[in-house]
Amino acid sequence: MPGKLKVKIVAGRHLPVMDRASDLTDAFVEVKFGNTTFKTDVYLKSLNPQWNSEWFKFEVDDEDLQDEPLQITVLDHDTYSANDAIGKVYIDIDPLLYSEAATVISGWFPIYDTIHGIRGEINVIVKVDLFNDLNRFRQSSCGVKFFCTTSIPKCYRAVIIHGFVEELVVNEDPEYQWIDRIRTPRASNEARQRLISLMSGELQRKIGLKVLEMRGNAVVGYLQCFDLEGESGLVVRAIGTACTLDKLSSPAAFLPACNSPSKEMKEIPFNEDPNPNTHSSGPSTPLKNQTYSFSPSKSYSRQSSSSDTDLSLTPKTGMGSGSAGKEGGPFKALLRQQTQSALEQRGGSPHRFCKRREFPFFTLTAFPPGFLVHVGGVVSARSVKLLDRIHNPAFVGIMGNTRSYKLLDWNSFNSDEPETRDAWWAEIRQEIKSHAKALGCHAVVGYSESTSICEEVCILSASGTAAVLNPRFLQDGTLEGCLEQRLEENLPVGCGFCHIPYDELNMPFPAHLTYCYNCRKQKVPDVLFTTIDLPTDATVVGKGCLIQARLCRLKKKAQAEANATAISNLLPFMEYEVHTQLMNKLKLKGMNALFGLRIQITVGENMLMGLASATGVYLAALPTPGGIQIAGKTPNDGSYEQHISHMQKKINDTIAKNKELYEINPPETSEELIGSPIPEPRQHSRLLRSQSESSDEVTELDLSHGKKDAFVLEIDDTDALEDVHSLLTDVPPPPGFYSCNTEIMPGINNWTSEIQMFTSVRVTRLSSLNLTNQALNKNFNDLCENLLKSLYFKLRSMIPCCLCHVNFTVSLPEDELIQVTVTAVAITFDKNQALQTTKTHVEKSLQRASTDNEELLQFPLELCSDSIPSHPFPPAKEHLESASSNSGIPAAQRATSVDYSSFADRCSSWIELIKLKAQTIRRGSIKTTVTVEKASPMGEGNFRNRSAPPCANSTVGVVKMTPLSFIPGAKITKYLGIINMFFIRETTSLREEGGVSGFLHAFIAEVFAMVRAHVAALGGNAVVSYIMKQCVFMENPNKNQAQCLINVSGDAVVFVRESDLEVVSTQHPTANCQPLCAGGEVTT
Amino acid sequence: MTSELDIFVGNTTLIDEDVYRLWLDGYSVSDAVALRVRSGILEQTGATAAVLQSDTMDHYRTFHMLERLLHAPPKLLHQLIFQIPPSRQALLIERYYAFDEAFVREVLGKKLSKGTKKDLDDISTKTGITLKSCRRQFDNFKRVFKVVEEMRGSLVDNIQQHFLLSDRLSRDYAAIVFFANNRFETGKKKLQYLSFGDFAFCAELMIQNWTLGAVGEAPTDPDSQVDDMDVDLDKEFLQDLKELKVLVADKDLLDLHKSLVCTTLRGKLTVFSEMEANFKNLSRGLVNVAAKLTHNKDVRDLFVDLVEKFVEPCRSDHWPLADVRLFLNQYSASVHSLDGFRHQALWDRYMGTLRGCLLRLYHD
């Protein structure tokens, strides 16, 4: 009996009137956990009952503690008829299961009813006494911390970054069970809410088990999603990055360890891993060939049966009992545990290693310094699946710089089995992995997965950024041995990640390379697309901006396979169009790189929608983008010529205006000086088969668009005309506003503390007459633009401010309906300070460089693991001079940096390369090493000038919510646990509740309220990395009905205003890990 | 392309003060949009009319949801659905309970019943205040009235506690409740020159001095009729006021009173002769008002009587306010020197308040 759960029901308030006669309520409470139920006394005739109950005690397995939610039901006692339910509260007790988080959940919770919404509040106290688990064969994974944050959480240090963990569970959807015909909507909704709560608990526990197996203690970048597949079931799936984290509570204790400068990795003592060398003892590699049998690039395009079996290794052992329930669970786990321990005795488990490093993916988007060596580009894969049957066409492609699509034949398993879904995802992940390899990268960062479902067709999508990671962070030494020979002497700061990881002579796709404008030593591409956040050490010119590509394509209504085929055929064109739009808009903004790229393809009954969002920036290391040139095909026509030149002028003006707006004025460098190749004749072929390594089934789409100097649009082409129009119709945000979809806005580093998180939803009905692609595109474009305009207008009182982490989600709930949901946070910043910074930015950046170094000196430990994530702001603009003069490059970093391009030519075949990487990957859980960087002995400026933002709104009870991983002007002192909530709201009186807008407005406000209440009850005052993962809205105005499902998640935290910290930090400078904004503020 | 659904929900509820005012003033969304357009907001922000429409709708929806909570302001403070900074909460409540001078003058002293509610149409037409706004204001009066009517203790404190209003607004509501409860006539033509402020001032004085609460007697028996200490006038006191009649009924007393006043004020008043000539009339008027207060009907006409019997005669003789003050002071004080008069305390309680009221009521 490893746990005792104790619950006390204190009081209620603002209860609804349940007895019309007396205008009062006779309320009592049922407290349910698992199969045990307790009841309080009935508190007669009151809307504010004081139950003050005894402590209800549940003695339960910790497995149940993880899976089950605590269910509190408030009822109205009725002597003669059945008791009426007032509403429920589900409390996830997971945060109480690990020691560092919350110790008690206590507070007012909104009482929620799926039909009536919030009906009063109830005060509850929950505690857990957890007995230490001595059982080795346990099924639970209590103690594994979960974070939604996609970077190493502040106040933690990554000891080891193990890698990718994933899991999914499948169940029947209660909404589609036969019983749903006879039960009330309320019962059905509640069954669904409870099931999903159970499933996500189970999923989290299973992921936790995997993490424990990997000897990690945390999951970072945890992303859990629901697929409502309708008849075929309900899938809950999650991905994340397993890590071993250390709390930075007493950094002083670690100082001695850090003071010994060493290039070697240092294991930080870690309780749960008494013998850290287990991993580095060189795992044997008998399974290598089996696991990586797909490796030659030629074979990956066709999934051989052998690779199928390999793939299913993972799913079949570890995952997905799903609807099978728990009966089979313990036995399986027992087996696994035994295997594991047996293997451990032999000093390493090759099987486990294979399993765990099968996919070298990282869901993180921001990394410890030095972790990311090179970035190859965006890799993505999509696959169209039929939910009722497995035999169907599939599409897979690479996005970014290369792409491919093909039809796959799947022989298969039964649907509804988690194995099937696992196989689907495994296939896609495999594809991603091979695409990454094609880009000369051994890892994928900023990885995410998503689905779009319409009837029985499902598009599975995965995307990430191919990258080369620093082997220094990998766990064992073998890799280093392999790569050491290729280590480069000098890796310049701020541009290293831009350098191409692939071989220049054997490029996976046509690209235009130049020497890096920063270090002038390495080659860089002309544009760079990534899904990650802008690395903090990147040198950026000017400010960034939100760039969106929007696209609609009509599709014939079709059934099953025909439908799937139609979609598969449309996808490559959509991807191409989206890419073209992104490229055009990027150039129009005068920028050369995209970060945080997220492409969403949504499938509807009669159309497909594509929406890509990213943050454009000008990377100093990359060449200046050329303009956009318009070419006409009939040059003889005079008026036509005029029209074109007019257009051209407009475009040129816009580019110039944008450059001014975003302060893009890169240092003048003559092209010749850095040896840029002479521009070749412009090519503007749209589609071409690449002659490179692709297999016969792979068709390459050329996305490089020829020369960077000028991007040519042919006006004859109606598409191009449309492109030009859409380019010019995008209105820049009003003065004082900036927007981006990354964590932070490049070029703004002086945030003030005011934040406003919001969700905005719009549903638009398209007129069904004469729907053409053009009209659709225009509608969709207008919808998004108007939405943005509305946001700017609403938030005008916050000017100057920046909309960060702008997250658009598109869905097509019905034939002619488009739903766009936006969640973002507006953060104010200090304009005057910004101006000041700009004025003297060269000077400042130099100063900053030295400040960095000095930080290194003072806080060696924190810096290694924490300083990057704790600097949410990029360094002030660094110019060539400053960057090149900044020779204070950490020795360790120099020694271990990898240069693939110089190495790759030695790799005569793909196989060899892949083998090498296979080793890398399987070896390598990645870990950070503690090294003391040498530092320049400069003044002590890092606490200087830390302007204290006014903490005007430090009112008790306020809970801040933000999609970012930090709170401006504050320091997160504690993570209290993950918030993952799922709600259903239904109404049968839509008109009375203010129509669809009134209904959804109230519901979203209620969801916010419930999130805040849970955070407050945990003792927190903010939710970071908040995300609304799902907002499924269905209406039936004729029946006066509507239903909505919302799924949100985030990390509950405690933060302290920086101004409050001031005293502490000056008193104990060494014990202080740098507050969030210090990086930004030091420069001022 | 039409937007079926268009919402914006902030973690901190956005409150636009201008839109709130328009909403409170009872404008429809389209009227509000038109008014906002006229305010030049489009030019300032570069927004389009569609954006303005969507924004206005959003705010209106929010206000509509908040309205339920505003009916019981403490709920607004404790509710969890809308995260609103305390200063904004206070603003929301204060503005919601604020009322228009023109409107309150129409319903002041009227019974807050359905019947009156039906007259709101006419009031709306007459005052130019939208019917919606009239309804809100009327419902506010009625709601506050219902809550504090039966409550013990200080009226102002009760209002403040249950509606979280500012001190000023609580006092105004106390006056409204007091007037509604006692049904003072305020609508007569000759009372039109009086502002709500004038009446509120009088109400405050009367609450302080003429109600049960004013005497400071704690009701010992909770079932007794003295529950609403601040709302009802002290019946006993009103009965006693009959005793003052002797001041005008007894001719000697009246003459003595007059001579006392005239002796003191001689040379001090610019309108001395008029005062001397009118003294008996004025005194009779004031004392008769007191004596009549036993009847409910006459209580209602208190202000009409005061204006008729005192304010108008003085005004027609062009008394300056300073003279009125001197006269009233002396008039009250002199009674203490009347040996034959035994109700000094009663007189002070009556005249102290009346003097304050009359001075306030005496203007053009």
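In what follows, every chain begins at residue 1, and chains take the letters A, B, ... in the order their sequences are listed. Model, not experiment: these values are computed from the prediction.
Atom NE2 of B:H71 sits in a crowded spot, with more than 12 heavy atoms from other residues, nucleotides or ligands closer than 6.0 Å. In the displayed structure, B:M57 atom CE is contacted under 6.0 Å by at most 12 heavy atoms of other residues, nucleotides or ligands.
There is no contact between A:F999 and chain B, counting heavy-atom distances below 4.5 Å. Heavy atoms closer than 4.5 Å to chain B are found nowhere in A:I818, neither backbone nor side chain. Of the atoms belonging to B:H78, heavy atoms from both backbone and side chain fall under 4.5 Å from chain A. Residue contact with chain A, scored on non-hydrogen atoms closer than 4.5 Å, involves the side chain of B:D16 exclusively. Interface residue A:V959: backbone and side-chain heavy atoms are both found under 4.5 Å from chain B.
A 4.5 Å side-chain heavy-atom check between A:K794 and B:H59 finds at least one atom pair inside the cut-off. Between A:I118 and B:Q79, every side-chain heavy-atom pair lies at or beyond the 4.5 Å cut-off. Between B:N11 and A:R1012, the closest side-chain pair of non-hydrogen atoms falls below 4.5 Å. Using a 4.5 Å heavy-atom cutoff, the side chains of A:L795 and B:F8 are in contact.
Ranked by heavy-atom pairs under 4.5 Å with chain B, the first of A:F793, A:F1033, A:F1008, A:Y1026 is A:F793. Counting heavy-atom pairs closer than 4.5 Å to chain B, the top-ranked of the candidates A:M961, A:E1035, A:E1006 is A:M961. Annotation: maximal heavy-atom pairing with chain A below 4.5 Å, among B:T12, B:I81, B:V9, B:V51, occurs at B:V9. Interface check for chain B: of the options A:A826, A:G998, A:S760, the most heavy-atom pairs under 4.5 Å are formed by A:S760.
Side-chain N or O atoms of A:S997 include none that pairs as donor or acceptor with a backbone N or O of B:L5 at under 3.5 Å. In terms of modelled atom types and a separation under 3.5 Å, the side chain of A:Q756 and the main chain of B:G10 share no donor-acceptor contact.
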Step-by-step side-chain contact (heavy atoms from CB on, under 4.5 Å) determination, B:T45 to A:Y792: CA-CA 9 Å; B:T45 58; A:Y792 295 138; over 6 Å; no
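Rounding to the nearest 0.5 Å gives a distance of 8.0 Å between CD1 of B:I7 and OG1 of A:T759. Between the CD1 atom of B:I41 and the CZ atom of A:R796 there is a distance of 4.0 Å, given to the nearest 0.5 Å. We find the CD-CD distance between A:E814 and B:E4 to be 8.5 Å, quoted to the nearest 0.5 Å. From B:D6, atom CG reaches atom OG of A:S790 across 6.0 Å, with rounding to the nearest 0.5 Å.
When all heavy atoms of B:S54 and A:R762 are compared, the closest pair comes out as OG-NH2, 3.3 Å. A pairwise comparison of heavy atoms in B:L80 and A:R13 identifies CD2-NH2, 4.2 Å as the closest pair.
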